[in-house]
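Okay, so here's the structure we're looking at.
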Number of protein chains: 2
Amino acid sequence: MFDMPTQPHAGEPAPAGEPVPPLEAGRPCAACGLLPLCFPHGRGVPAPIAIRHQRVAKGDSLFRRGDSFLHVQAVKTGYFKTVISDRLGTEQVIGFHLPGDLLGLDGMLHGQHGCDAIALEDAEVCVASCFDAGEMCRQSAQVQEGFWRSFAQVLTGHERRALLLGQGVQAQQRLAMFLEDWSRRLRAAGLPHQEIVLPMTRQEIGSLLGLALETISRCFAKLESKGAIEVRQRSIRIVDAKLLAGAGLWPGEGG
Amino acid sequence: MFDMPTQPHAGEPAPAGEPVPPLEAGRPCAACGLLPLCFPHGRGVPAPIAIRHQRVAKGDSLFRRGDSFLHVQAVKTGYFKTVISDRLGTEQVIGFHLPGDLLGLDGMLHGQHGCDAIALEDAEVCVASCFDAGEMCRQSAQVQEGFWRSFAQVLTGHERRALLLGQGVQAQQRLAMFLEDWSRRLRAAGLPHQEIVLPMTRQEIGSLLGLALETISRCFAKLESKGAIEVRQRSIRIVDAKLLAGAGLWPGEGG
DNA sequence: CGCTCACTTGAAAGTCGTCAATAGGTGTGG
DNA sequence: CCACACCTATTGACGACTTTCAAGTGAGCG
């Protein structure tokens, strides 16, 4: 447990960095998008660049639309959502992010972030300067390749989400696909993926999937009555992964 | 007009490359994602690497799910769709691509393409080897930055599409947003963007937007009756861009 | 000239969104 | 420790929108 020190504004990264010590030497986080920068020479050999750590309190934003893009960031602990607010002020969730995920890469386009990243619970992020990242990629083909792969990971996530818009994909299927995907990602991050505690509200799930929060609630009930999952508030237990997969319609994984 | 020579299979890039001459010296395509590689030193100075050209006949695929990812590719002329087929064989459109767009970057993740790229009409693509691209990015920070920006462009396009899933975004709004976005991209590519001839069918639009083809047809009629557009088959004329923008709900652009 | 494919248009049925009321959970403050 | 307020989640009823099924028209191509 952390005893939260006086929390600085998370909006702009603290110039000098937090007094959080660097990662315990040789203990890379599982499947992190910053891994190529963090441990470019393999386990045990720390990075030659400064990777700063930063805490973000629940509900605070790591960055907001319009903020300058100066850092490559990855979630270390906790969960984030990224949202875009339309002209009416209603916010549209475009993604949820768990430990290891890179954040805000869309900012590379114009040097400004295109969305807000908001912590769903108290969280920590790892931060490398863009400049350092570029430098390292130029020095090592291996680092570059790893970094490109991290980009592609983000891209692939977006493409997977496009499948939610499939012809007549029903609400129940969407939720099933979401849960399956979330579980898969938790697993990839080395976190428990069968007994899940969702960090987001029904409304936020609904926003991502294009459904009303009531529909999400009803679909949880339906999937539970089918025996695919057990639901108690935000605690989800995946009882029958096969049944859940059958409810969704992901394309064949292996190819 | 091209008089199509005997068309080789487009599936695997021809090892030796097509006999198409390189771009006319010093005439970069407008807003191309490969520009940083094609003209790294500015206009007039050709690239030090080989950028091969390739033709793809209408209906043929540039690559398919599972193909090795070995090249960075950009549309030169014509239009493409990228699709993912689910287990049942129905294909889900995840994007349309016009001249300048990079194609198949998701393949960087596992070294295999995750979707199929299919030409909507006879098309040409520019192809650079991954190896060369990496090499050039390592040699020049400027090239690297440009290339990263191209990545981010693709990413941003996906995020924009996530807005289609906004709370209660109606079919008509979705189509309006699609047309607006398509027009904007045509404009960025230096193509006519008010008198449009859509390269895709109603069904394909519907697939992208998560709507039935009949709904697309009806929404075209509605938008026409509103006076926002004129429709004749695939020819669309944007009469009142403001009205069209009002039908959609994009977030404030500049802000 | 006739075929096929794309598109249009109509009617019926189903799903989901909205509105509303209620219950449960959490956190704060007395 | 309890009470209160607030937020989140559940559940029901109704209405609107979209899908589906169907038939028919039009355009492009061999």
Side-chain angles (χ1 to χ4, degrees), chain A residues 4 57-59 81 88 90-93 118 120-122 164-179 196-225 229-236 247 249, chain B residues 4 57-59 79 81 88 90-93 118 120-122 164-176 178-179 196-225 229-236 247 249:
Chain A
M4 283 292 163
K58 175 175 178 174
K81 66 175 176 183
L88 296 159
T90 58
E91 62 178 33
Q92 168 64 33
V93 174
I118 297 168
L120 294 171
E121 54 185 55
D122 292 338
L164 294 175
L165 283 163
Q167 298 270 100
V169 174
Q170 310 294 50
Q172 194 175 320
Q173 291 178 331
R174 286 195 193 174
L175 184 59
M177 289 164 87
F178 167 76
L179 287 175
I196 303 173
V197 178
L198 298 173
M200 72 293 277
T201 66
R202 303 283 193 266
Q203 171 137 45
E204 286 162 338
I205 296 174
S207 178
L208 183 80
L209 303 181
L211 298 166
L213 69 94
E214 294 93 334
T215 306
I216 301 296
S217 194
R218 278 186 252 266
C219 287
F220 268 126
K222 275 188 205 167
L223 288 174
E224 187 169 30
S225 74
I229 58 175
E230 275 176 21
V231 184
R232 202 163 65 200
Q233 300 297 123
R234 297 202 188 170
S235 302
I236 309 291
L249 278 171
Chain B
M4 282 293 162
K58 174 175 177 173
Y79 302 90
K81 66 175 176 183
L88 296 158
T90 59
E91 61 178 33
Q92 169 64 32
V93 174
I118 297 168
L120 294 170
E121 54 185 55
D122 292 339
L164 294 175
L165 284 164
Q167 299 269 98
V169 174
Q170 310 295 51
Q172 195 175 318
Q173 292 178 330
R174 286 194 192 175
L175 184 60
F178 168 75
L179 288 175
I196 303 172
V197 178
L198 297 172
M200 71 293 278
T201 66
R202 303 282 193 264
Q203 172 139 42
E204 286 162 338
I205 297 175
S207 178
L208 184 79
L209 302 181
L211 298 166
L213 68 95
E214 294 94 332
T215 306
I216 301 296
S217 191
R218 278 185 252 266
C219 287
F220 267 126
K222 275 188 205 168
L223 288 173
E224 187 169 31
S225 74
I229 59 176
E230 276 177 20
V231 185
R232 202 164 65 202
Q233 301 296 124
R234 298 202 188 171
S235 301
I236 308 291
L249 277 172

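Lettering follows sequence order; numbering is per chain, from 1. Just the heavy atoms: all of them, side chains too, but no hydrogens, waters or symmetry mates, feed the values below.
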For this session: Please identify each residue that fulfils side-chain contact (heavy atoms from CB on, under 4.5 Å) with E230(B), with sequence neighbours left out.
Result: E224(B), R237(B), V239(B)

For this session: State which residues pass ring pair (Phe, Tyr, Trp, His ring centres under 6.0 Å) with Y79(B); sequence neighbours excluded, sorted by chain then number.
Result: W182(B)

For this session: Starting from C1' on dG14(C), measure out to CG on L211(B) and report it in whole angstrom.
Result: 16 Å

For this session: With sequence neighbours excluded, tell me which residues meet side-chain hydrogen bond (donor to acceptor under 3.5 Å, both in side chains) with E91(B).
Result: K81(B)

Exercise. Which heavy-atom pair separates L175(B) from F220(B) by the least distance, and what is that distance?
Worked result: CD2-N, 3.7 Å

For this session: Rounded to the nearest angstrom, tell me the gap between atom NZ in K58(A) and atom C1' in dG27(C).
Result: 10 Å

Exercise. Bend angle of the helix from dC1(C)-dG30(D) to dG30(C)-dC1(D) from five-pair axes at both ends, rounded to 10°?
Worked result: 40°

Problem set entry | Distance-minimising heavy-atom pair for L165(A) and L209(B) | CD2-O, 3.5 Å

For this session: Considering only heavy atoms of chain A and a distance under 4.0 Å, specify the first and last nucleotide of DNA chain D in 5' to 3' order that meet this criterion.
Result: dT8(D) to dA13(D)

Exercise. Can you list the steps and then say if M177(A) with V169(A) is a side chain to side chain contact (heavy atoms under 4.5 Å, CB included)?
Worked result: CA-CA 10 Å; M177(A) 289 164 87; V169(A) 174; 4.2 Å; yes

When you compare the protein's N or O atoms with those of nucleotides 1-4 of chain C, which come within less than 3.5 Å of each other, and at what distance?
none

Exercise. So which heavy atom on R234(B) is nearest to which on T201(B), and how close?
Worked result: NH2-CG2, 3.1 Å

Seminar exercise, completed: Of all heavy-atom pairs linking I118(A) and G59(A), the shortest is CG2-O, 3.6 Å

Side-chain donor-acceptor pairs of residues 211-218 of chain B under 3.5 Å, sequence neighbours excluded:
none

For this session: Please list, chain by chain and in numerical order, all residues satisfying side-chain hydrogen bond (donor to acceptor under 3.5 Å, both in side chains) with Q203(B), sequence neighbours excluded.
Result: none

For this session: Identify whether any heavy atom of G210(B) sits under 4.0 Å from a base atom; if not, whether one sits that close to sugar-phosphate; answer base, sugar-phosphate or nothing.
Result: sugar-phosphate

Exercise. How would you list, by chain and number, every residue that makes a side-chain hydrogen bond (donor to acceptor under 3.5 Å, both in side chains) with Q170(A), sequence neighbours excluded?
Worked result: none

For this session: Measure from CD on Q170(A) to C1' on dG17(C) and round the result to the nearest Å.
Result: 14 Å

Problem set entry | Those residues that, when tested against Q233(B), pass side-chain contact (heavy atoms from CB on, under 4.5 Å) (two or more places apart) | none

Any N/O pairs under 3.5 Å between the protein and nucleotides 6-12 of chain C? List them or say none.
unit_1	atom_1	unit_2	atom_2	d
dC7(C)	OP1	R234(B)	NE	3.0
dC7(C)	OP2	R202(B)	N	3.0
dT8(C)	OP1	R202(B)	NH2	3.2
dT8(C)	OP2	R202(B)	NE	2.9
dT8(C)	OP2	S217(B)	OG	2.5
dT8(C)	O5'	S217(B)	OG	3.1
dG10(C)	N7	R218(B)	NH1	3.1
dG10(C)	O6	R218(B)	NH2	3.4

Problem set entry | Smallest separation among heavy atoms of Q92(A) and S207(A), with atom names | NE2-O, 2.8 Å

